[in-house]
Protein chains: 2
Amino acid sequence: MEVWGGKSYFKVEFVDNPKKIVKSWREKGGLVVHLTMYGKMIDDMIDEITKASKNFTLPLLVVIGSEKVEGWYYYNSDYNIGIGNQPHSEVSALAIFLDRIYKGEELYIHFSDAKFYIIPQLKGKRVVKTDK
Amino acid sequence: MEVWGGKSYFKVEFVDNPKKIVKSWREKGGLVVHLTMYGKMIDDMIDEITKASKNFTLPLLVVIGSEKVEGWYYYNSDYNIGIGNQPHSEVSALAIFLDRIYKGEELYIHFSDAKFYIIPQLKGKRVVKTDK
């Protein structure tokens, strides 16, 4: 994030008690979506989630576990959503989920604190230095 | 793949000389797409790639490198494509690229050699055993 920006956009944190985060998120009126291959297909649920989150104006917590996820999360999330119903990469699941809710617009986000930005090229690389 | 299938669909291989693969792929009439944050935005290029690949009937090789990718690949791929022009996960880049070219249909692929398949649920898990 030092070079390409996003410090005001992303925060990485380790937490001791993820269940507490899920509980308080919902108590404060936020929505919790658990991505799992056992869930309902994203395409069947995206409209309902958009409505329930008031067009994503409510805070949205996305829970993704690795291989073994405690049953608790299935029953304490608002939605269990499958990005397909096959086992695959959690990072891909998050990427496709975000792509659906941002409708592809996420690919155009630029961070004001970036020190460089890219001019897209068919061949080679073109990078421009900002005034940061 | 033992449990969820896909053995006839996926093959994982290590190769000594990836450049040789790229060269012979193109010599045999296939198309090589290199996913890189420096490339042209996927949304601007998807129509051209669809046409050049004859609606993906030509064999398509997708090249994705980690942090440092040799300049050779930029100049020996048919297309350098950005899934956004920001650094992020290679797995996400591949997921979004495939989602674009399959138009979301990839999420509905089921493998005939699967021993189990999932009945999507809003809560909990439902898995059915096949006759395999």
Side-chain angles (χ1 to χ4, degrees), chain A residues 1 3-6 9-10 34 36-45 48 69 71 73-100 104-111 114 116-127, chain B residues 1 3-6 9-10 34 36-45 48 69 71 73-100 104-111 114 116-127:
Chain A
M1 285 191 276
V3 174
W4 300 102
Y9 197 87
F10 299 106
H34 172 219
T36 166
M37 67 182 196
Y38 300 102
K40 292 286 259 187
M41 186 66 97
I42 175 74
D43 299 333
D44 302 333
M45 299 302 294
E48 184 174 330
V69 176
Y73 291 96
Y74 287 84
Y75 292 94
N76 287 278
S77 300
D78 294 294
Y79 294 97
N80 289 288
I81 299 296
I83 308 296
N85 295 114
Q86 301 275 350
H88 60 84
S89 139
E90 288 79 16
V91 175
S92 305
L94 180 58
I96 301 280
F97 179 72
L98 294 175
D99 192 57
R100 291 291 191 280
E105 293 301 322
E106 78 284 358
L107 299 183
Y108 296 88
I109 294 174
H110 287 278
F111 304 114
F116 294 92
Y117 66 89
I118 288 167
I119 312 273
Q121 303 287 293
L122 255 185
K123 298 283 178 197
K125 300 182 183 181
R126 216 170 134 214
V127 180
Chain B
M1 284 190 279
V3 173
W4 300 102
Y9 197 86
F10 299 105
H34 172 220
T36 165
M37 67 182 195
Y38 300 101
K40 291 287 258 188
M41 186 67 97
I42 175 74
D43 300 332
D44 302 332
M45 298 302 294
E48 183 172 330
V69 176
Y73 292 97
Y74 288 83
Y75 292 94
N76 287 277
S77 300
D78 293 293
Y79 293 97
N80 290 288
I81 299 297
I83 308 295
N85 295 114
Q86 302 275 350
H88 61 83
S89 138
E90 288 80 15
V91 175
S92 304
L94 180 59
I96 301 280
F97 180 72
L98 293 175
D99 191 56
R100 291 290 190 280
E105 292 302 322
E106 79 283 1
L107 298 184
Y108 297 88
I109 293 174
H110 286 278
F111 303 113
F116 294 92
Y117 66 89
I118 289 167
I119 312 273
Q121 303 287 295
L122 255 185
K123 297 280 178 200
K125 299 182 183 181
R126 216 169 137 216
V127 181

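Chain A is the first sequence line, chain B the second, and so forth, proteins listed ahead of strands; every chain is numbered from 1.
Counting heavy-atom pairs closer than 4.5 Å to chain B, the top residue among Asn80(A), Ile118(A), Ile96(A) is Ile118(A). In terms of heavy-atom pairs under 4.5 angstrom with chain A, the leader among Met45(B), Arg100(B), His88(B) is Arg100(B). Residue with the most contacts toward chain B among Gly5(A), Gly124(A), Gly104(A), Gly6(A): Gly124(A) (heavy-atom pairs, distance under 4.5 Å). Annotation: maximal heavy-atom pairing with chain B below 4.5 Å, among Asp44(A), Asp43(A), Val91(A), Leu122(A), occurs at Leu122(A). Ranked by heavy-atom pairs under 4.5 Å with chain B, the list Ala93(A), Ala114(A), Gly84(A), Ser77(A) is led by Gly84(A).
Residues satisfying the side-chain contact (heavy atoms from CB on, under 4.5 Å) test with Leu94(A), not counting sequence neighbours, are Val62(A), Ile64(A), Leu98(A).
Between Gly39(B) and Pro120(A), the shortest heavy-atom contact is O-CB, 3.2 Å. Among all heavy-atom pairs drawn from Met1(B) and Phe10(B), the shortest one is SD-CB, 3.6 Å.
The CG atom of Asn85(B) sits 9.5 Å away from atom CD1 of Ile119(A), with the distance rounded to the nearest 0.5 Å. Here CD1 of Ile42(A) is found 9.0 Å from CG of Leu107(B). Values are rounded to the nearest 0.5 Å.
Heavy atoms closer than 4.5 Å to chain B are found in both the backbone and the side chain of Met37(A). Of the atoms belonging to Ile81(A), not a single heavy atom falls under 4.5 Å from chain B. Val127(A) touches chain B through its side chain: at least one heavy atom from C-beta onward sits under 4.5 Å away, while N, CA, C and O do not. Both the backbone and the side chain of His110(A) come within less than 4.5 Å of a heavy atom of chain B.
Note: Trp4(A) and Tyr38(B) have perpendicular aromatic rings, judged against thresholds of 30 and 60 degrees for the angle between ring planes. Aromatic ring pairs are classed by plane angle as parallel below 30°, tilted from 30° to 60° and perpendicular above 60°; the pair Tyr74(B) and His34(B) is perpendicular.
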